[in-house]
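Since this is a predicted model, take the numbers as computed values, not measurements. Numbers restart at 1 for each chain; the letters A, B, ... are given by sequence-line order, proteins then strands.
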Amino acid sequence: MPSQVWLRAASTGWRATGVLWRWGGAIPDRASNTMEMLSVVQARQAEAVGHKVELRGWVRTRRDSKGGFSFVELNDGSCLGNIQVIAEKNLPNYESEILHLSVGSSVIVRGEVRASPAKGQATEVLAETITLVGTADPENYPLQKKQHTFEFLRTIAHLRPRSNTFGAVTRVRNCICRSIHNFFQERGFFWVHPPIITASDCEGAGQMFRVSTLDPAKPPLKEGQIDYSQDFFARPTFLTVSGQLEAEIFACSLGKVYTFGPTFRAENSNTSRHLAEFWMVEPEMAFFDLNDNMDLAEAFLKRVFGDVLTQCDEDMRFFEQRIEPSARTTLEGIVNSEFRRLSYTEAVDLLIKSGQKFEFPVAWGTDLQSEHERYITEQVFKCPVILYDYPRQIKAFYMRVNDDDRTVRAMDVLVPRVGEIIGGSQREERLDVLEARMREMHLDPTAYWWYLDLRRFGTVPHAGFGLGLERTVQFVTGMANIRDVIPFPRTPGIADF
RNA sequence: UCCCCGAUAGCUCAAUGGUAGAGCAACCGGCUGUUAACCGGUUUGUUGUAGGUUCGAAUCCUACUCGGGGAGCCA
């Protein structure tokens, strides 16, 4: 009974030490006769030798020896590696069950951790009992002991977390999220929660998903138009595309804040770098200018990458070996280097003088193309690059206008392979300039009365940026397609699972 | 949304107008402190869907669906 096992495990005190143990803390210094419930990552440590343990997980593969025993590779998701379980033929269910354990079946193993006499693993578990919990019919179980394409794994999104790659992605993604929170929390930022459902329909960041409870077959009409006054919120509402404006509200009260949650874009984008639902981190800081913003973005990325390197070493070595040979070395290089900072104008000059042939021409005043950004970050500097001070006509209304009147205090952080990973700016804090900019971009200032109030009452310079979580996971792991770094990707035409 | 490429066994792929195959997996047997185990044997098909051309179509044509690469938009 799982509940009994749980109680017994709790009484041995492993829960109190488990977390420390996992991250390099001490393993209990006694080889007790009491059964301890361990994860595979714990049982694989040499310090676990001599402990009586219970392990629970899924069979990855089985190898039988006519010498009278079987090797069962057990994985429980706690780490990339499996624990090798030795099942001898004197086990009562050896013939009936263990010899038929197939890939994907779930088992509970009790036994003693021993030093492994063979190469390939530090420890192994000599089973005293193996309880079959759930079978997985090998004729029908889709996951095999071989490499699958990511396209195929996407069609079995409910089973792909059991694959090595997706398990590693999930652990690294979790590490990145923990690191994000730690970074901000340690620096006195408050995590704020802007609404998912918003009434702002023109935040300037692309097409939005409509939220409505009206019957699409027969919506209430008023003068030929849909009457949203009869909708749930008595007005048109949408899924948020960004929590930035709300974050500004809290930054102008609490100083330093960040949002971290899902955002939505209804763009018909079919690329390996876009999702309709993705997670975004948006810090916003009062009294920060663009230089402070760039400093923070750089320190932030270095912290996250550094944490992944130290906390996900096994997974990162897997990505290096199987997915992207430069995955680890790229991160190591970044943690110990300085990001290259370059104004938009300097970047345009550099591109024009490079003599490089581009499909699209480079000209001051137009947005840089993917090929231009890639050339700068991959060919010229071979490291993250921060571009700043973009032409005002290609950037959003809320970005602070420079004294030259031609550029705004915007910044993009570009990284190799992925491109733009962070976009941010210093915000326009001058009421008259902001209103003029809104009219220039044909936005109605009255719809943003609350946003303008922040400039009317105790306005302060402030700045912030947005980081795409999935692009960060992509960059860190080297995974080529963004659909393979989020559990259940949403893209045009696809909302399975 | 645009351009290019693709869809064949459970999976990865061959077969370029003339009888649909291999590797892996699965199953059976052998061997082994093994470790992507190894060796031998067996089973597996509405060739993405719908039309068309042809004596004959996996193969050529059209439309659609899905996937990949690139572009635009962006995180």
Distances under 3.5 Å only, N/O to N/O: pair up the protein atoms with those of nucleotides 10-12 of chain B.
unit_1, atom_1, unit_2, atom_2, d
G10(B), N2, Q144(A), OE1, 3.0
G10(B), N2, Q144(A), NE2, 2.9
G10(B), N3, Q144(A), NE2, 3.1
C11(B), O2', K146(A), NZ, 3.4
C11(B), O2, K146(A), NZ, 2.6
U12(B), OP1, T149(A), OG1, 2.9

What's touching nucleotides 4-7 of chain B from the protein side, N or O pairs under 3.5 Å?
none

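Under the ring-ring contact (aromatic ring centres under 6.0 Å, His included) criterion, F278(A) pairs with no residue at all, not counting sequence neighbours. Partners of F305(A) according to the ring-ring contact (aromatic ring centres under 6.0 Å, His included) rule, which considers only residues two or more places apart in sequence or in another chain, are F475(A). Here F209(A) pairs with nothing under the ring-ring contact (aromatic ring centres under 6.0 Å, His included) rule; sequence neighbours left out. Remark: F497(A) engages H158(A) in a ring-ring contact (aromatic ring centres under 6.0 Å, His included) (not counting sequence neighbours). Take K395(A) and apply the side chain to side chain contact (heavy atoms under 4.5 Å, CB included) test, not counting sequence neighbours, and it matches Y390(A), M399(A), V408(A), A410(A), D412(A).
Every pair passing salt bridge (charged side-chain N to carboxylate O under 4.0 Å, His left out) that includes a residue from residues 121-139 of chain A is listed here, sequence neighbours excluded: K52(A)-E128(A), R114(A)-E124(A). Residue pairs that meet the ring-ring contact (aromatic ring centres under 6.0 Å, His included) test with at least one member in residues 361-383 of chain A, sequence neighbours left out, are Y344(A)-W364(A), F358(A)-H372(A), F358(A)-Y375(A).
Of all the residues in residues 469-481 of chain A, R471(A), N481(A) reach under 4.0 Å from RNA chain B with at least one non-hydrogen atom. Contacts between residues 274-282 of chain A and RNA chain B, defined by a heavy-atom separation below 4.0 Å, involve H274(A), L275(A), F278(A), M280(A), listed by number.
For G33(B), its base sits under 3.5 Å from the side chain of R114(A) at one donor and acceptor pair at least.
Proximity of the aromatic rings of F300(A) and F184(A) is defined here by a centroid distance below 6.0 angstrom, and this criterion is met.
Judged purely by atom type and a 3.5 angstrom limit, S163(A) uses its side chain to pair as donor or acceptor with the backbone of R160(A).
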Map every base of RNA chain B to its dot-bracket character, where paired means a Watson-Crick or G-U wobble contact with both distances under 3.5 Å and | marks a partner outside the strand. (((((((..((((....[..)))).(((((.......))))).....(((((..]....))))))))))))....
